[in-house]
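Worksheet: one structure, shown below.
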Amino acid sequence: MHAAFGPPRCRGATTLPDEEARAAAAASLDVLREAARGCVEAGVLRPDADVDEITDTLWAAAHGVISLERGGHFPDGRGVRRFRTLTRAAVNAFLP
């Protein structure tokens, strides 16, 4: 992906996140991963669903909408609606 889009950077950042920042991001992502695991174990999501795939898909969807909203592409509160629509669509891919 880096070849197509370049290295990941935040607006105005001149360096990549350091190890501490990556560890904090991973810890918060673990909350989402454990929620996905709980949904698989409870039968809400398919029993064969890959927890890491669910987590990565939801994470990517959220970041996409957030990036577009921050860039001014979703004015008038549309970002919240787009987030809900995209999250619903992403979760549907893992339903039984």
Side-chain angles (χ1 to χ4, degrees):
M1 294 278 280
H2 288 192
F5 301 106
R9 295 191 183 233
C10 295
R11 180 179 290 170
T14 57
T15 61
L16 296 175
D18 62 18
E19 188 60 37
E20 182 179 351
R22 285 193 299 276
S28 64
L29 194 56
D30 283 341
V31 173
L32 179 57
R33 182 174 286 104
E34 290 310 310
R37 186 180 324 283
C39 288
V40 169
E41 290 171 356
V44 174
L45 300 177
R46 288 190 336 262
D48 65 330
D50 182 295
V51 171
D52 289 328
E53 182 179 6
I54 296 166
T55 304
D56 291 346
T57 300
L58 292 172
W59 183 31
H63 275 272
V65 172
I66 291 165
S67 294
L68 289 169
E69 183 175 43
R70 290 191 66 196
H73 299 283
F74 296 143
D76 306 323
R78 281 187 266 171
V80 172
R81 291 192 307 273
R82 300 302 185 262
F83 175 80
R84 288 181 179 149
T85 299
L86 186 55
T87 301
R88 214 174 283 119
V91 169
N92 281 340
F94 301 102
L95 292 176

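V91 has its side chain within reach of L45: a pair of non-hydrogen atoms, C-beta onward, lies under 4.5 Å apart. Annotation: side chain of L32 is in contact with side chain of L29 (closest heavy-atom distance under 4.5 Å).
Clustering of Ile, Leu, Val, Met, Phe, Trp and Tyr side chains at separations under 4.5 Å places L68 together with V65, F74, F83, L86.
Within a 6.0 Å radius of CZ in R78, other residues, nucleotides and ligands contribute more than 12 heavy atoms.
When every heavy atom of P17 is checked against every heavy atom of A21, the shortest pair comes out as CB-CB, 3.9 Å. Taking all atoms of both residues into account, the shortest heavy-atom contact from P96 to G43 is CG-O, 3.8 Å.
Separation of atoms CZ (R37) and OG1 (T55) is listed at 7.5 Å; rounding is to 0.5 Å. Rounded to the nearest 0.5 Å, atoms CG (L58) and CZ (R33) are 11.5 Å apart.
For R46, the side chain to side chain donor-acceptor pair (under 3.5 Å) test picks out D48, with sequence neighbours left out.
The hydrophobic clustering, which links ILVMFWY residues whose side-chain heavy atoms are closer than 4.5 Å, places V31 and W59 apart.
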